[in-house]
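When a residue number appears, it is its place in the shown sequence, counting from 1. First listed ligand is number 1; within each ligand, the first listed atom is number 1.
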Amino acid sequence: MRQANMTKNKKTFISRGLEPLAPRRQELYNVAMKADDKARVWRFFSLFSDYAGSGYRQAEAFPDFSDGPLFPTSRRVKAVPTSKALAPAAKPLGESGPILPRSGDSIHLIASEVNDCHACRLCEKRQKAVPGIGSAAPLVMVVGEGPGADEDAQGLPFVGPAGKLLDKMLAAIDLSRDSNVFIANVVKCRPPMNRDPEVDEQESCAPFLLRQIGLLRPSYILSLGRVATHALLGCKDPITRIHGRFFDFHGIALMPSYHPSALLRDESLKRPAWEDLKTLREHINAQG
Ligand code: URA
């Protein structure tokens with residue numbers, strides 16, 4: 001009887017796109033706890049995940065705990081990131097509201113404006129600006145943080161070792177900059193010494209990226225790494241926490257994932273990054 005109930009519960013969770021925890025862990029968690037104890041547990045895991053994920057404490061609203069089971073029944077589940085529901089963006093890059101193309105705009109016009117741009121200090125040291133490249137009707141737009149040395153030399157995005165890895169991973173899910181992907185960056189000129197682009201640099205470059213998105217209207221955006229994801233979603237969550245999930249970016253499904261440079265530094269991230277790409281492919285296939 002207990003077995004039959006467990007099987008039924010399992011089916012219900014899975015049909016909702018949710019995965020049940022192991023029954024033993026469910027029993028363990030289902031202990032009546034005082035609000036103080038729950039706050040202590042929450043604080044411990046929250047600190048651990050922030051420092052392990054980003055090395056920094058993230059400002060976060062403290063949940064309002066009450067006495068009772070630590071995990072109410074509806075939360076004793078782990079979301080499998082195939083759910084079609086999109087979480088709302090916190091505060092997207094640029095103005096809120098729909099992103100519309102400017103009249104008379106074109107990818108070539110944007111590229112020539114990028115090449116002539118002197119709006120921020122990044123233009124001073126660049127060899128070549130990197131406007132972006134790829135399909136004129138992309139299924140997916142990949143957004144990185146900014147050009148590195150190879151990209152700066154060639155004027156093309158993701159052409160160094162990280163780019164080669166990216167191309168391989170995209171090819172494994174039938175995506176390519178030659179057919180159905182457009183690749184762009186938050187900032188179009190290389191930050192010196194590959195430092196993170198400053199907020200004012202991101203802001204002065206944002207109109208180019210927003211025009212590219214508005215014009216191309218990709219079905220999906222894959223934001224690679226912390227800088228691109230934080231810029232687009234306006235959030236501060238570590239990538240370790242939000243990768244592989246879908247967020248709403250002005251009506252476009254945006255999935256954050258790991259930056260390929262991070263995968264080259266830390267092999268263990270390749271597996272979760274690959275899982276993210278498989279999730280993206282499953283989602284694309286499910287949409288027909
Ligand atoms: N890293 C990025 O974020 N973008 C590039 O174009 C290359 C490396």
Side-chain angles (χ1 to χ4, degrees), residues 54 93 107 110-111 113-115 117 120-123 125-135 138 140-171 175-178 180-213 216 218 220-235 238-240 242-243 249 254-267 269-270 272-273 276-277 280:
S54 65
L93 183 72
I107 284 298
I110 297 170
E113 289 179 25
V114 166
N115 290 329
C117 179
C120 81
R121 65 187 83 80
L122 294 183
C123 68
K125 300 242 164 74
R126 76 177 171 218
Q127 291 184 55
K128 287 189 178 166
V130 182
I133 199 165
S135 163
V140 177
M141 183 154 169
V142 171
V143 181
E145 72 179 63
D150 296 302
E151 291 75 21
D152 179 58
Q154 296 184 43
L156 297 169
F158 283 100
V159 287
K164 300 221 170 357
L165 175 60
L166 174 66
D167 282 342
K168 269 194 209 158
M169 294 181 75
L170 292 177
L175 296 176
S176 158
R177 62 176 89 193
D178 297 328
N180 51 9
V181 169
F182 189 89
I183 305 191
N185 280 302
V186 172
V187 296
K188 313 295 192 194
C189 299
R190 182 191 182 200
M193 312 294 290
N194 294 343
R195 64 159 170 76
D196 287 356
E198 306 280 354
V199 171
D200 65 322
E201 295 159 355
Q202 294 182 29
E203 277 169 1
S204 51
C205 222
F208 291 130
L209 180 61
L210 296 176
R211 278 165 69 193
Q212 287 171 322
I213 296 172
L216 298 172
Y220 295 87
I221 294 175
L222 180 66
S223 64
L224 297 178
R226 171 179 53 85
V227 171
T229 302
H230 289 181
L232 288 165
L233 292 183
C235 67
I239 286 294
T240 44
I242 56 174
H243 73 96
F249 183 77
L254 182 152
M255 176 192 276
S257 190
Y258 292 96
H259 194 285
S261 305
L263 309 185
L264 292 175
R265 285 193 303 268
D266 181 352
E267 285 267 316
L269 297 178
K270 283 189 178 169
D276 293 349
L277 288 189
L280 177 61

request  = For side chain to side chain contact (heavy atoms under 4.5 Å, CB included), just list the numbers for Q154 and V130, CA-CA rounded to whole Å, side-chain angles, deciding distance to a tenth of an Å, and then say yes or no.
outcome  = CA-CA 8 Å; Q154 296 184 43; V130 182; over 6 Å; no
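- Q212 places a side-chain heavy atom less than 4.5 Å from the side chain of I107.
- Side-chain atoms of E113 never come within 3.5 Å of backbone atoms of I110 as a donor-acceptor pair (strictly under, hydrogens ignored).
- No donor-acceptor pair under 3.5 Å is formed between the side chain of E145 and the backbone N or O of V187.
- In this structure, the side chains of L170 and R177 stay at 4.5 Å or more apart for every pair of heavy atoms.
- Ion pairing between R121 and D200 holds under the 4.0 Å rule for side-chain N and carboxylate O.
- Pocket lining of ligand 1, defined as residues with a non-hydrogen atom under 4.0 Å away: G144, E145, G146, E151, P157, F158, N185, H259.
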